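Heads up: the structure comes next, in structure tokens.
Predicted model only: the values in this text are computed from it and were never measured.
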There are 2 protein chains.
Amino acid sequence: MASRPESDNDMTISRDAGGAPAGNRKAASILAAARELVLDHGFDAMTMDMVARQAPVSKATLYAHFASKEELFTAVVIDEANRITGEIWRIMPDSDDVAGVLRRIAEKFVDVFLTEQAMFLQRAVIGAVSRFPSIGAAIFEAGPKALTERLATFLAGAHERGLLNIQDPMLAARQFLSIVRGDLDIRGLLLPAVRPDRAQIRKQVEAGIDLFLHFYGSRRP
Amino acid sequence: MASRPESDNDMTISRDAGGAPAGNRKAASILAAARELVLDHGFDAMTMDMVARQAPVSKATLYAHFASKEELFTAVVIDEANRITGEIWRIMPDSDDVAGVLRRIAEKFVDVFLTEQAMFLQRAVIGAVSRFPSIGAAIFEAGPKALTERLATFLAGAHERGLLNIQDPMLAARQFLSIVRGDLDIRGLLLPAVRPDRAQIRKQVEAGIDLFLHFYGSRRP
DNA sequence: GTCTATAATTGGATAGAC
DNA sequence: GTCTATCCAATTATAGAC
């Protein structure tokens, strides 16, 4: 967690063009600092003093931009979730090579969602859900739900073209993502020190695709 | 979360037989209070004052039994994890009715692991892992890892008896549990207010067993 | 808008009497 | 072992000068 690229697609912050004053830069640096601290320490272990020190701004300035710690946390989390899920949206093409598309989706999925960074985010969010349920709902909508629906749409299209035989696309999409995921998410959440084994992940992805296609291949099960 | 049955299998607390004085009852009531508060609020939102008030004991008494908040939290979590996983151990028989066994495992699995209670526990643990990694490791060993290994042993036995065709029992066990789980864990963790749909869960379990057996059934895939 | 300094509260942990 | 009362550090949030 040494260095992390700064978020670049936040809607509330315009780029620092000529006219934009230092205020936006301050807000951006606050958000960047908060992002790093949230990902490293979670909600509770991150203090507003730490944010102010790292930004670096005064606490008064910090509160001038974000009314409370919760609001700052929510801003960080939603921003990050959109950034992460956006990675997968881009590589969801409509091709007749079903196995190839599934492989690319699966590999991108494990690459993006199971990174150390995404794990820190999930840990922070899950730990905060009890107190801020709306954050959990927002993440669920922007993340797993959107991804499953997108995949289900692709699977339904493949079914109509006779490439697959799928009666319930949403169920099949959930199954596919679950198989590919395996226990990687649990391991990542509970064992922060253990680095995942890339070779085993690849093997798990391949085996998952085989299992899925063996059942949903065009021949009627 | 109105009432919750009290834990009854804690090793550090003897039952309140004749000789046992009030000390054990105090410790038990502390643990019960902490358990409820941990499950309802998580580690940080639970304060030692709340525990003392709910036990009800004084804070000094509390600290006489548990040296720190972390120690109390760990005691609660390990105790609860053993209780939950113990539920599944019991119904893992050695039968030739593979589909029946898998169905019973899957149903018990979703029943036990995906209860509101277990979800609160997972939320509390995951939120605390960043600061107390040993807790995450302990839960992982006692929970997912032990269950997967046990299931893998059963699958390997079925393979040797010619009932299934499984080359990698651990991989297959992970796949089976993942399919059955689907996105129920994510939903449970992120959407505490949403009650799971029992009918859909049952359908998901059945579909998962079909998918699994279609590939690993005795005929060579 | 931004800063320094501080208020106000909370919460983990303890002292001393019984 | 248990209680009441309290200490001390940390933390969120704000007041007032510039």
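- Taking the ring pair (Phe, Tyr, Trp, His ring centres under 6.0 Å) definition, one finds that B:F73 meets it with B:F43, sequence neighbours left out.
- Among pairs with a residue in residues 62-77 of chain A, none fulfils salt bridge (Lys or Arg N to Asp or Glu O under 4.0 Å), at least two apart in sequence or across chains.
- Between the P atom of D:dT11 and the CZ atom of A:F66 lies a distance of 21 Å, rounded to the nearest Å.
- Considering CG of A:L72 and CZ of A:R35, their distance stands at 13.0 Å, rounded to 0.5 Å.
- At whole-Å resolution of the value, NZ in B:K69 and C1' in C:dT14 are 17 Å apart.
- One atom, CZ of A:R25, and another, P of C:dG1, lie 13 Å apart when rounded to the nearest Å.
- Distance, B:L62 CG to D:dT4 C1': 15 Å, rounded to whole Å.
- Residue A:H65 places no side-chain N or O under 4.0 Å from the OP1 or OP2 atom of C:dG1.
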Report, one pair per line, the protein and nucleotides 3-6 of chain C atoms (nitrogen or oxygen only) whose separation is under 3.5 Å.
unit_1: C:dC3; atom_1: OP2; unit_2: A:S58; atom_2: N; d: 2.9
unit_1: C:dC3; atom_1: OP2; unit_2: A:S58; atom_2: OG; d: 3.1
unit_1: C:dC3; atom_1: OP2; unit_2: A:T61; atom_2: OG1; d: 2.7

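- Atom CD of A:E70 and atom C1' of D:dT11 are 16 Å apart (whole Å).
- Regarding A:F73, its CZ atom lies at a distance of 13 Å from the P atom of D:dT12, rounded to whole Å.
- Contact record, A:A156 with A:P169: CB-CG, 3.9 Å, taken as the closest heavy-atom pair.
- For residues 43-52 of chain B, proximity to DNA chain D is found at no residue, defined as any non-hydrogen atom under 4.0 angstrom from a strand atom.
- For A:R198 and A:D111, the salt-bridge test passes: some basic side-chain N is under 4.0 Å from an acidic carboxylate O.
- Between B:Y63 atom OH and D:dT6 atom C1' there is a gap of 14 Å when expressed in whole angstrom units.
- Residues in residues 42-59 of chain A take part in these salt bridge (Lys or Arg N to Asp or Glu O under 4.0 Å) pairs, two or more places apart or across chains: A:D44-A:R131, A:D49-A:K59.
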Got a list of side-chain donor-acceptor pairs under 3.5 Å for residues 134-145 of chain A, not counting sequence neighbours?
unit_1: A:E141; atom_1: OE1; unit_2: A:K145; atom_2: NZ; d: 3.2

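- When every heavy atom of A:S58 is checked against every heavy atom of A:A52, the shortest pair comes out as C-CB, 4.1 Å.
- When every heavy atom of A:D185 is checked against every heavy atom of A:R181, the shortest pair comes out as OD2-NH1, 3.1 Å.
- The nearest whole Å value for the distance from the CZ atom in A:R53 to the P atom in D:dA10 is 11 Å.
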